[in-house]
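Bear in mind that the values here come from a model prediction, so they are computed numbers and not experimental data. In this chain, numbering begins with 1 at the start of the sequence shown. Atom set for the values below is all heavy atoms of this structure, side chains included, hydrogens, waters and symmetry mates excluded.
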Amino acid sequence: ICTTSRLFHYILFDILILPLLQDWNRTWYTANPDLTQCFQNTVLVWVPCIYLWLLAPFYCLHLYCHDHGRIHISCLCAAKMVLGFLLASFGFVEFFYILLERSQDIQHHMVFLLSPIIRSMTVILALCIIQLERIRGCRSSIFLFLFWVLAVVCSLVPLRAKIQLAMDEGIASDIVRYLAFFSYFTIQLAQLFLCCFADQPPEGKPILEKNPCPVKDASFLSKILFWWFTGLVVKGYRTPLAAEDLWTLREEDTSYKIISELQEDWTAERAKLQKQEKALVSGVALGSRLPDQAQLLRKLQKKQSSGFFLLSTLARKFGPYFLTGTLCIIFHDAFMFAIPQVLSLLLGFMRDEDAPLWKGYFYATLMFLLSCLQSLFNHQYMYTCFTVGMRVKTAVMGLVYRKSLVINSAARRTCTVGEIVNLVSADTQKLMDFVVYFNAVWLAPIEIALCLFFLWQHLGPSALAGIATVILIFPLNGFIAKKRSRLQEIQMKFMDGRIRLMNEILNGIKILKFYAWEKAFLEQVLGYREKELKALKKSQILYSISIASFNSSSFLIAFAMFGVYVMLDDRNVLDAQKVFVSMALINILKTPLSQLPFAISTTMQAMVSLRRLGKYLCSEDFCSLHSIFLSEGPPCLKRINIHVPRGSLVAVVGHVGSGKSSLLSAMLGETEKRSGRVTVKGSVAYVPQQAWIQNATVQDNIIFGREKLKTWYNRVLEACALLPDLDILPAGDATEIGEKGLNLSGGQKQRVSLARAVYRKADVYLLDDPLSAVDAHVGQHIFDKVIGPKGVLRDKTRILVTHGMSFLPQADLILVLVDGEITESGSYQELLSRHGAFADFIHTFASTERKESAIQRAGSRRSNARLSMVDFMPFSRDLSQEQLIGGDTTNSNLQNMEPVSEADEEQVPEDLGKLTEVDKARTGRVKLEMYRKYFKTIGLAIIIPIVFLYAFQQGASLAYNYWLSMWADDPIVNGTQIDTNLKLTVFGALGFVQGIAIFGTTVAISVCGIIASRQLHMDLLINVLRSPMSFFECTPSGNLLNRFAKEIDAIDCMVPDGLKMMLSYVFKLMEVCIIVLMATPFAAVIILPLAFLYAFVQSFYVATSCQLRRLEAVSRSPIYTHFNETVQGASVIRAFGEQSRFILQANKRVDFNQTSYFPRFVATRWLAVNLEFVGNGVVLAAAILSVMGKNTLSPGIVGLAVSHSLQVTGILSWIVRSWTDVENNIVSVERVNEYADTAKEASWSIEGSSLPQAWPHRGTIEFQDYGLQYRKGLELALKGITLNVQERDKVGIVGRTGAGKSSLALGIFRILEAAKGKIFIDGVNIADIGLHDLRSRITIIPQDPVLFSGSLRMNLDPFDTYTDEEVWSSLELAHLKNFVSNLPDKLNHECSEGGENLSLGQRQLVCLARALLRKTKILVLDEATAAVDLETDTLIQSTIRTQFEDCTVLTIAHRLNTIMDYTRVIVMDRGNISEMDSPANLIAQRGQFYRMCREAGLV
């Protein structure tokens, strides 16, 4: 033991510590520094060895825990092993060489003998680790890389000594030792070089991805420097990137991987929360200590709503990876604070005339190295943050999407589609920002404290003045941040409102055009927009104060500190060291100071978003089996008791609003249950009242995720009368249907919806009035072939809500609903024999349907034969409501196809059915035109003064900095400096001038941004509203909403912010270059090549980055479109149990979006790392040139140059980042501007038009050889129509589908312009007047009743042109007076989005009330009676007959009984008028009309 302790003492003290103390003087205080032989052979050899031996156990444990599969021995691995053995053998050879050659010296030089052995053993350990890494599948080792770096660095000193010795004594003196050492060093370098490459992937893992992300194959060095990304940048520079060039997502970034793990955590969190809530509620119910319990409950609800649970779930999932980033930022801070200390030493060296030059070079190099390490750690941190941010975005989007599929209807009504889309667009973005800036919240105060500590060291108690300034700046900014947060909430509220309104405008655009209501809605949107911009303007002015106080903060702190320092004592002098080290520290201080308020406000915003998300995600779920009702207010169903036997057909009848649809919702579990239970046995298929159609092909809509069984599929098509429709569609069942079924008629949509259900082969069918949208004989066909006792579904349980009396005799059970209660139930005969309400109802309407029921019995026998006969096939297609737009078969389905020549037709079948235009990404750099457009919107008169203001601001900054350096160089006389007061005053004045200029520039740019965005939004809105109907059919509303939400938001905030940053940094860079060149003009030699390199790197980056941004923007739209679609069709998706397929689709879309988002943020890191090396080159140049010019330069100017050059790295990366931000966001201007060049409608009103106020006062309509086509190149939809309609004529227009009935209406309203011929109304050619003049003077009652969210009054009269009395009388005539007067808010009753809180029939009546209110001389009726029961239908018909008696009425009729008393009937056939006369005469002629009447059972 004694010997051991003596040996230990000998090694520690005699070998390590003593030589160090003795050698330090010989090394440091000398013109030619060197380390002693002893030190070189001990400490420098042992440092890497100690590192490896100490950390190896931990590393091996890490490898043991993470197995990635075995790697085959590759050339790389073999080379490492061979070189390793060579290195190990060198040690042993050296050991024996010393033993033999120097045996007599061994007693003195025990260490020389130990070192080679230790070295060789360490290399052998390294070789073992290489093998272990290979076995565990580690492809690139950071651990060994650092070991070889240490080994090479420690060998550099002996290398220099050996070279020096060889030069002094000649190499021959000890050639073996020299050669051995040089070989050893070379092999070490080779090992380090090999460590920079990654090994091959582990075996047994086939690569399935077609374009895997290269980060997996990248080595550790390549990962740090982001070199693995270079391939994509080069590709993007050569040719604009396309979606297929992008890498597939790494597995850990995919939606499936992230959400499947997160979902479990979140479900557990929610269960815990609900358990606590239940316990509390039951506690309160028991009456135990109520006040405390109630408080706790409130607290819990607050916690829940604040999204605390969501945050903790996300933190558990993503926290560990995020912490690795946090570690990087801590290292970054350490290096950042080391730099001013080195600067202090450099300036001390400049002042010390006797200091040897090598120290200057040493400090300069050290600064360069520290700056480089600082950059590397910073960007690793940012990379981690953005990766976590991206995963959080995926996670939250996934959770919200899944929630939207299970949320119950009561909770669903509290948030509109727009708000849900906002959750996944705006709120996820806020969370991503939060991830990036969260660390600043706690790190910034520590950084500030450290800065002040170092400042205290330099300036003593005067540093407190700096603290005081900071303390003054903070509350101001805290107050501003709070104010801005409130303003932002206000702005977001108006933005939500604007987007919601835009969504409705786009959904109801056809109604707007028919009623000429665009201006009213334009005003509404602009009203929201003005309020939004007002809040934004206030917020931006406050932000400008904030920015000005921050940008001046370094000056204010310096002014306070230096002022107090020189005032306190005359002997306190400011020399270069004090001034510029303090300035460097103050510049460091600026970053946390500027980040902190931003981080705090981002955190606040994230909390608001978390609260919103938390509230949505914690809302009540739909309980799948099976519970009921609509929450607030009285229940919509009461005392319902029914048992439906398997395989029976149940008909549900009742008036509008009696609760028929609610009954089906209850069976689906869509309503909330107050009491009782609902059980449904077997699978369910559901046909909603308003068909929900996906933006996909007809086939996809029908198959709905199932496998295609050809014979069954064709049978379903035949049964649902869809075959003739498919013949007409351009690509048959592969035709793409526009959003919400835009290019299908109402009847086609309803039958596709029915076919979807039939194809399912479910056990229970819930059919919500599927026959309302089709006319009698098609309805009969569908009933016979599908629903009835002989239909395809005869063995299934069917619950049919219907208004058609003719089907009731065949039902097994009829339920009569009145106000949510079943008043009667039984078979048809039973109910008739009871003589109750049902019997009265039947007798009242029997007259209208008697003939139909008469042929019912015969018809049901004949119908099979009749409807399958080939020559009747076209008629079994829909004679139902073709929608006025795109209903006619010859048209809209085709209208979006370019005319196809015969030759092309064979070649391009797949484009045939395309309708919607996918949002396409532009390629290449943003055109200068966009910048010109943006700046032109602002105006040159404002731009030029701004540039001058910037130049002035930077001039002031340069002046005060130069003034400081002159002050620092002032000679010290008797320990004091002269005129300190004057110097301080000038310094202060220059700084304050700069502060005011900063405030001026930021306010000016914000105001310019608002001017531009107001104008651009206005242009976009007008361009969209002035577009013709065809534009809306082929442009998905998701694309348009994206323009109004995301792109306008970018123009509002991002573009001005980017411009502010870019301009301020460009001018700052100019200032730095001027200062460095003033100090060392020779630096121009280095700065110029660096500038070229910078420009070169930057041009590579901007091309790639902009394209990535565009690809990302384009892939974002489908996410929102899909979300929109899913939210609207949630009940259908749930009923069919297709949630998992839709979730899969959503995952796919989110992942596709992330494939372009991931390279986008890596591109920024790639650029920044490479650029900051350029910037660090400027630091090195400034420092080394200053050292070289030591004799001619004053410390003041050197301090100024070097402290400014330290800012270059930051400035460079910020310039490119802000430049790219501007370029990326100016893409928004490009995208908003896209619709400026699309085709527009004719002008709304014509100046100086001499149209009389009362026109049309007679109501005559004359068609002269009128022709109409849907698009150039297609055949005419109406061919040479000549027709005279006299005043007060009542004209019915009938014809098969595609005959051109709707086209006539479209022509009268000029929704489509004439291809030839003219239409005269009261003798005025309608082509010569403004569209609004025309459309506001004639009225249509359209097929689809569309309401907008807002008051009922607004829906009837958006321009406020009528008095309340007139509105009430129109409601009375529309049979709505009782309903409206019972509402609590009467006319101010708020209609929800799309009027969903009114039943379909009530909405139809509101549309009738609109027509009654306008009471124009011409009324076009697009048979709008489909959704109402017979009683209401009769009311409507009688109202039209009485109220529009002295008007001209054109009715596009689907049910012939409604037009039998009209003065004239026009029968259309293939765009021509085939018959025209009074109904009686036409029947007598026994032509086409007669055949149609016979089919409908009217003759």
Side-chain angles (χ1 to χ4, degrees), residues 339-355 357 359-361 363-365 367-368 371 458-459 554-555 558-559 562 566 573-587 954-973 977-980 982-984 986-987 990-991 994 1068-1088 1090 1175-1209 1211:
I339 293 171
Q341 307 308 317
V342 179
L343 175 65
S344 175
L345 294 170
L346 179 67
L347 293 174
F349 155 82
M350 291 299 291
R351 217 176 44 204
D352 180 357
E353 288 166 13
D354 304 329
L357 266 183
K359 283 188 183 174
Y361 293 128
Y363 292 142
T365 314
M367 268 172 89
F368 173 70
S371 299
H458 279 280
L459 301 173
S554 55
F555 155 73
F559 181 62
F562 296 156
V566 295
V573 292
L574 284 177
D575 57 10
Q577 213 167 351
K578 282 199 181 77
V579 168
F580 291 106
V581 174
S582 300
M583 287 307 277
L585 283 165
I586 289 170
N587 279 329
Q954 227 51 56
S957 167
L958 178 76
Y960 89 70
N961 278 308
Y962 189 64
W963 184 259
L964 257 185
S965 80
M966 282 164 59
W967 186 352
D969 285 338
D970 222 29
I972 297 164
V973 185
Q977 286 172 319
I978 51 167
D979 293 340
T980 42
L982 171 71
K983 286 169 187 160
L984 194 62
V986 172
F987 177 57
L990 288 167
Q994 186 211 8
K1068 184 79 186 151
L1069 183 65
M1070 282 153 79
E1071 181 193 343
V1072 173
C1073 289
I1074 291 168
I1075 286 173
V1076 173
L1077 290 172
M1078 270 164 52
T1080 52
F1082 192 62
V1085 178
I1086 290 156
I1087 287 179
L1088 277 172
L1090 285 179
N1176 294 333
V1178 175
V1179 175
L1180 187 63
I1184 284 190
L1185 288 169
S1186 302
V1187 173
M1188 285 163 74
K1190 183 184 176 192
N1191 302 329
T1192 55
L1193 293 174
S1194 68
I1197 199 85
V1198 170
L1200 185 64
V1202 177
S1203 66
H1204 269 69
S1205 68
L1206 282 172
Q1207 297 173 42
V1208 167
T1209 51
I1211 292 172

Go through the steps for Val1202 and Tyr363 under the test side chain to side chain contact (heavy atoms under 4.5 Å, CB included), then give the verdict. CA-CA 12 Å; Val1202 177; Tyr363 292 142; over 6 Å; no
Of all the heavy-atom pairs spanning Ser371 and Asn1176, show the shortest one and how long it is. CB-OD1, 3.1 Å
Specify whether Phe559 and Phe987 have parallel, tilted or perpendicular ring planes, treating 30° as the upper limit for parallel and 60° as the lower limit for perpendicular. tilted
How many angstroms lie between atom OG of Ser965 and atom NE2 of His1204, to the nearest 0.5 angstrom? 9.5 Å
Might you work through the side chain to side chain contact (heavy atoms under 4.5 Å, CB included) test for Phe555 and Asn961, ending with a clear yes or no? CA-CA 9 Å; Phe555 155 73; Asn961 278 308; over 6 Å; no
In terms of heavy-atom contacts, Leu346 and Ala1183 come closest through CD2-CB, 4.3 Å
If you measure from CD on Gln577 to CG on Leu345, what distance do you get to the nearest 0.5 Å? 8.0 Å
Taking atom NZ of Lys578 and atom OG of Ser344, what is their separation to the nearest 0.5 Å? 10.0 Å
Within 6.0 angstrom of Met1188 CE, more than 12 heavy atoms from elsewhere: no
Does the side chain of Val579 reach to within under 4.5 Å of the side chain of Leu1200, using non-hydrogen atoms? no
What is the minimum heavy-atom distance between Ser1186 and Met350, and which atoms define it? O-CE, 3.6 Å
For the residue pair Leu585 and Pro340, what are the closest heavy atoms and their distance? CD2-CG, 3.9 Å
Beyond-backbone contact of Met583 with Phe562, side-chain heavy atoms, under 4.5 angstrom: yes
How long is the span from the CG atom in Leu1069 to the CD1 atom in Ile1074, to the nearest 0.5 Å? 10.0 Å
Are Ile1075 and Tyr962 close enough that some pair of their side-chain heavy atoms sits under 4.5 Å apart? no
How many angstroms lie between atom CD1 of Ile1184 and atom CZ of Phe368, to the nearest 0.5 angstrom? 9.0 Å
CG (Leu357) and CZ (Phe349) are apart, to the nearest 0.5 Å, by 5.0 Å
pair Leu347-Phe580: side-chain heavy atoms closer than 4.5 Å: yes
